[in-house]
Protein chains: 2
Amino acid sequence: MPRTKKQFEEIRKSSKEKILNVALELFVKKGYHATSISQIAQKAKISKGLMYNYFASKEDLLDEIILQGFHSLEELEFRTKRGVHPQTQLEDFVDAVLDNLYSNFNYWQLYLALLVHPEIQKKYEKKMKQFRDEFIQTLTLLFKKLKIKNPKLEAFLLGTFFDGLVLNFIAAEDVFPISKIKNAILSKYIKSNKVQTRKTKK
Amino acid sequence: MPRTKKQFEEIRKSSKEKILNVALELFVKKGYHATSISQIAQKAKISKGLMYNYFASKEDLLDEIILQGFHSLEELEFRTKRGVHPQTQLEDFVDAVLDNLYSNFNYWQLYLALLVHPEIQKKYEKKMKQFRDEFIQTLTLLFKKLKIKNPKLEAFLLGTFFDGLVLNFIAAEDVFPISKIKNAILSKYIKSNKVQTRKTKK
DNA sequence: GTCTATACCAAGATAGAC
DNA sequence: GTCTATCTTGGTATAGAC
């Protein structure tokens, strides 16, 4: 019996990757503890036993997913181009964050889920703190260039807002368009009436 | 020595309340699924069996806690005083939210923990949506009075910011003082240079 | 109202066949 | 590499004594 393209594709795709993808999806949707190995195996169409060929334990599976997640999040380009007007730099930065937030949504969601429970958070504390610090630092520098008062506080506030944004995207059914959000943010920091000088990607 | 009805009542209440408090603490710290009945019983210094005298199941316990949480959150006074300058109304509103955020921190944290997992969220969806809608509605009205452009979008943005704030209070070790945060928020919506007209509570 | 003992089950993990 | 069968543990929940 000949196999369809899709079937072939599925067989070809490595089992490990399938497990990782399915596990991420379920961990995000139901939470780590509420998701059982059986559920993951079932959805990935493999046996429970096979799981343990690729991962030493359930926790090990989580670790790999989170590592993978941090890697994706780190693609966020923190460095800002030199020689460009700081106003444009801020715009680029906000663009980059919002883009990343959309394209890596699953990982952001996982990141939040870790963040809300102090005990769980501890394990990945160091990497998370590093990520946050880098974020705040870049933004603070940018605000300084823009001559905004209390640049560090403002950086914290904007970072905080982005966290809330992820949260709301998870919860909300009626989402505000990203371009409106972007412009609303920028207008708070850039006094010019013509904030929207360029088209947003989305 | 015979006990009165009232005394029994009080004993009953105190045990139950102890369970509720301990469970809230553990659910928030470790998460619902990661917390076992044994752990709750141990920390509350009661037996596992007694748990089931007060609550039909672990899930029932969670339900009661969440109900209690919503009740606390609802104490937030959404209605704004009439006859007062809208600028002051906004200030009062922000004050009220920040105060509530501090005094009911545990419940806000629980609220976020529910929010991050779509599957869990579904169960309490209706109550949560109602709470959010009321919040946004009040704020939108206030922004309209203040003649701010896109009042509904701005209300969403500020609500989003508050969500992020809870998240950051959970995660961060170095927290910005509440009065600075308050002033930073207000200065974004009130153009006057003299935002800080009154002392904040904290 | 509170405890101990225990039933029952589902989850994580391993062994060994193919 | 993948499966099925099985072990082991720890969890929820119940029964019954005090």
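The chains referred to below are lettered A, B, ... by the order of the sequence lines, with proteins before strands, and numbering in each begins at 1. Because only heavy atoms are used, hydrogens play no part in the values below, and waters and symmetry mates are left out as well, while side chains stay in.
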Close side-chain approach of A/Phe135 to A/Phe156, heavy-atom, < 4.5 Å: no
A/Tyr52 vs C/dA13: side-chain N/O to OP1/OP2 distance below 4.0 Å: yes
For atom CD of B/Glu59 and atom P of D/dG11, their distance in whole Å: 18 Å
Pair B/Trp108 + B/Tyr111: ring centers closer than 6.0 Å: yes
Under 3.5 Å donor-acceptor, B/His117 side chain and A/Val28 backbone: yes
Between P of C/dT4 and NZ of B/Lys45, the distance in whole Å: 15 Å
Residue whose nearest DNA chain C nucleotide is more 5′ - A/His33 or B/Ile46: B/Ile46
Any B/Ser15 side-chain nitrogen or oxygen under 4.0 Å from OP1 or OP2 of C/dT2: yes
Near-ring test B/Phe161/A/Phe161, centroid separation under 6.0 angstrom: no
For atom CD1 of A/Ile37 and atom P of D/dT2, their distance in whole Å: 16 Å
Distance in angstrom units between B/Lys48 NZ and C/dC8 C1', rounded: 12 Å
Touch class at under 4.0 angstrom, heavy-atom based, for A/Tyr54 against every strand present: sugar-phosphate
B/Lys58, nearest nucleotide to its side chain (from C/dG12, D/dA13, D/dC3): D/dA13
Integer-rounded Å distance: D/dA13 P and B/Ile19 CD1: 14 Å
Interatomic distance, B/Lys16 NZ vs C/dG1 P [rounded to whole Å]: 11 Å
Distance, rounded to the nearest Å, where B/Asp60 contributes CG and D/dA13 contributes C1': 13 Å
Touch class at under 4.0 angstrom, heavy-atom based, for A/Ser47 against every strand present: base
d(OH, B/Tyr32; P, D/dG11) in whole Å: 14 Å
Minimum heavy-atom distance between B/Gln89 and B/Val84, given as atom pair plus value: NE2-O, 3.5 Å
